[in-house]
J.: 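Below: one structure in structure tokens.
What you see is a predicted model; the values in this text were computed from it and never measured.
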Amino acid sequence: MRLLFQLVSQCVLGAIALIVVHFALPGVSLSVNGFLAAIGVFTLAHMILGPFVLSVALHYAAPLAGGVGLVATLLALWVATLVPTVSRSAASGPGSSPRSSCG
């Protein structure tokens, strides 16, 4: 049940973040396929990387464990930019490139 709640909350937060980016940054447009692909890749990467980053932080730098969410989010965004479908279809507009368009 906890895993399902985490999965749903990650999807909702990812969707909110993409919608905010769509309205906040001029020239960014979202397609439905790109939106769903970006949320899926980001959520999957965050669910996989989160526990790994937490265990590394607790083992090597316990005082820095509070930044685990930030590090996992940055890693998940990086993974999402590596997936060609997400980078090309999630956002497009002036100045956007396939490598830098997912977040």
J.: So, using side-chain contact (heavy atoms from CB on, under 4.5 Å) as the criterion, who are the partners of Ala17 when residues are at least two apart?
T.: none
J.: Would you kindly confirm whether Val8 and Ile16 end up in one hydrophobic cluster when ILVMFWY residues are joined by side chain heavy atoms under 4.5 Å apart?
T.: yes
J.: Please name all residues satisfying side-chain contact (heavy atoms from CB on, under 4.5 Å) with Leu36, sequence neighbours left out, ordered by chain then number.
T.: Val32
J.: Are Ile48 and Val53 connected in a single hydrophobic cluster, I mean Ile/Leu/Val/Met/Phe/Trp/Tyr linked by side-chain heavy atoms less than 4.5 Å apart?
T.: no
J.: Return the minimal non-hydrogen interatomic distance between Gln10 and Thr43, and the atom names on each side.
T.: CB-CG2, 3.7 Å
J.: Between Ala72 and Gly50, what is the shortest heavy-atom contact and its length?
T.: CB-CA, 3.9 Å
J.: Roughly how far apart are Leu3 CG and Gln6 CD, rounded to 0.5 Å?
T.: 6.0 Å
J.: Please check if Val20 and Phe42 belong to a single hydrophobic cluster, counting links between Ile, Leu, Val, Met, Phe, Trp and Tyr side chain heavy atoms closer than 4.5 Å.
T.: no
J.: May I ask you to test the Val79-Leu75 pair for a side-chain heavy-atom distance under 4.5 Å?
T.: no
J.: Listed by chain and number, what are the side-chain contact (heavy atoms from CB on, under 4.5 Å) partners of Leu13, not counting sequence neighbours?
T.: none
J.: Out of curiosity, Leu44 CG to Ile39 CD1, how far, rounded to the nearest 0.5 Å?
T.: 13.5 Å
J.: I'd like to know if Leu18 and Phe23 are part of one continuous hydrophobic network [Ile/Leu/Val/Met/Phe/Trp/Tyr, side-chain heavy atoms within less than 4.5 Å].
T.: yes
J.: Quick check for you: to the nearest 0.5 Å, what is the distance between Met47 atom CE and Cys11 atom SG?
T.: 8.5 Å
